[in-house]
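One structure is given below, encoded as structure tokens.
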Amino acid sequence: VTGVQTCALPISALINTNAGVVGGDVMPFVFINAGAEDLPQAEQFAQRLSELNCLPQTPLLEGNPEDIRKELDAGLLESDGLIYFYGQIPKKWVRCQFDKLKDMLPQRDRQQPPRSRPMVAICYGEPPGKAGPGVAFPGMQTIDLLKPEAVQQLSDWVQALQVLRAGGVR
């Protein structure tokens, strides 16, 4: 057999893993920013985050545009962790969402009490083989659902987030 083979890890493998809760009572709020094309995968991913003692939320994509914008802003302002789900959605969408995050960071500082910057990750989903979105954020991590190490990548990210949320240093 010739050619390149992709070792895709189905989201169900993340959901069914027996990895335990690493953060005890610490339950960080994780906003999963996903487009409509990726929402089914993102919702499965949210289930796994819930099993890891996180409070995940996917975006509101239906209804009044004002409500949708407010939901997105709240996710960016209030989240402890922020995951950009990058599957079928175009690279341009991810880049625009990072621009929105840059605009929201000063508002996090002005909240009472001030909110620290969120931990950020990009989660790669189906389809395989797409180029990275060309964005970076301090401490940003990658969770690639198409690779076997996705379970460990997610566990490491959640553990760091829980330590940070508990007031520790990562």
Side-chain angles (χ1 to χ4, degrees), residues 11 14 23 26-50 52-127 129-146 150 153-154 156-170:
I11 291 177
L14 290 174
V26 177
M27 296 178 69
F29 169 45
V30 178
F31 183 66
I32 304 170
N33 199 353
E37 300 92 327
D38 294 318
L39 197 56
Q41 288 183 79
E43 287 175 343
Q44 288 181 331
F45 191 71
Q47 177 61 38
R48 180 61 189 132
L49 283 167
S50 173
L52 290 172
N53 214 37
C54 294
L55 300 170
Q57 180 180 333
T58 56
L60 178 66
L61 298 175
E62 296 177 352
N64 176 320
E66 181 68 14
D67 292 341
I68 293 170
R69 187 191 55 76
K70 285 181 181 177
E71 252 319 282
L72 174 61
D73 289 352
L76 295 174
L77 284 172
E78 299 169 10
S79 62
D80 300 304
L82 178 58
I83 295 177
Y84 291 95
F85 204 95
Y86 182 39
Q88 297 177 40
I89 203 79
K91 177 190 308 193
K92 175 82 171 140
W93 180 89
V94 177
R95 295 174 71 88
C96 288
Q97 297 305 309
F98 261 78
D99 287 344
K100 180 73 171 162
L101 175 60
K102 288 187 291 189
D103 294 342
M104 297 303 273
L105 288 174
Q107 292 180 42
R108 287 177 70 99
D109 290 339
R110 291 191 298 268
Q111 288 179 310
Q112 291 302 319
R115 305 268 310 162
S116 61
R117 66 178 167 86
M119 275 187 56
V120 175
I122 291 185
C123 180
Y124 286 80
E126 292 287 344
K130 61 189 153 298
V135 295
F137 191 82
M140 185 173 80
Q141 295 184 18
T142 299
I143 301 165
D144 191 339
L145 298 179
L146 306 177
Q153 291 170 338
L154 178 60
D156 291 348
W157 188 81
V158 168
Q159 188 169 20
L161 179 60
Q162 289 170 329
V163 167
L164 184 67
R165 176 72 166 80
V169 178
R170 54 177 176 127

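The model shown is predicted, which means the values in this text are computed figures rather than measured ones. For the numbers below, each heavy atom of this structure counts, side chains included, while hydrogens, waters and symmetry mates do not.
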Identify each donor-acceptor pair in which a side-chain atom of residues 54-62 lies under 3.5 Å from a protein atom, sequence neighbours left out, and give them as a table.
unit_1	atom_1	unit_2	atom_2	d
Gln57	NE2	Glu71	OE1	2.6

Which residue pairs satisfy the ring pair (Phe, Tyr, Trp, His ring centres under 6.0 Å) criterion with at least one member in residues 63-83, sequence neighbours excluded?
none
May I ask you to test the Lys102-Asp99 pair for a side-chain heavy-atom distance under 4.5 Å?
yes
In the structure I gave you, are the side-chain heavy atoms of Ile68 and Leu72 within less than 4.5 Å of one another anywhere?
no
Given side chains that start at C-beta, do those of Arg115 and Leu77 come closer than 4.5 Å, heavy atoms only?
no
Test item: Ser50 side-chain N/O and Ala46 main-chain N/O as donor-acceptor pair under 3.5 Å
no
CA sep, side-chain torsions, deciding dist, call: Phe98, Tyr84, ring pair (Phe, Tyr, Trp, His ring centres under 6.0 Å)
CA-CA 9 Å; Phe98 261 78; Tyr84 291 95; 4.6 Å; yes
Below 3.5 Å, can you tabulate the donor-acceptor pairs from side chains in residues 31-38 to any protein atom, sequence neighbours excluded?
unit_1	atom_1	unit_2	atom_2	d
Asn33	ND2	Gln97	OE1	3.0
Asp38	OD1	Gln88	N	2.6
Asp38	OD2	Gly87	N	3.2
Asp38	OD2	Gln88	N	3.3
Asp38	OD2	Ile89	N	3.1

Measure the shortest side-chain to side-chain distance between Phe137 and Leu101 over non-hydrogen atoms and say whether it is less than 4.5 angstrom.
yes
Any donor-acceptor pair under 3.5 Å from Arg117 side chain to Pro138 backbone:
yes
The complete set of ring pair (Phe, Tyr, Trp, His ring centres under 6.0 Å) pairs with one or both residues in residues 53-79, sequence neighbours excluded, reads none
Taking Arg95 for the side chain and Val135 for the main chain, is one N or O donor matched with an acceptor at less than 3.5 Å?
no
Among residues at least two apart in sequence or on other chains, which ones pass salt bridge (charged side-chain N to carboxylate O under 4.0 Å, His left out) with Arg108?
none
Tell me whether Gln162 contacts the main-chain N or O of Leu52 through its side chain, where contact means a donor paired with an acceptor under 3.5 Å.
yes
Do you know the tightest heavy-atom contact between Ala121 and Trp157?
CB-NE1, 3.5 Å
Counterpart residues, side-chain contact (heavy atoms from CB on, under 4.5 Å), relative to Asp109 (two or more places apart):
none
Using a 6.0 Å distance limit plus a 45 degree cone around the ring axis, check whether Lys130 lies over the aromatic ring of Tyr86.
yes
Is there a donor-acceptor pair under 3.5 Å between the side chain of Asp80 and the backbone N or O of Arg165?
no
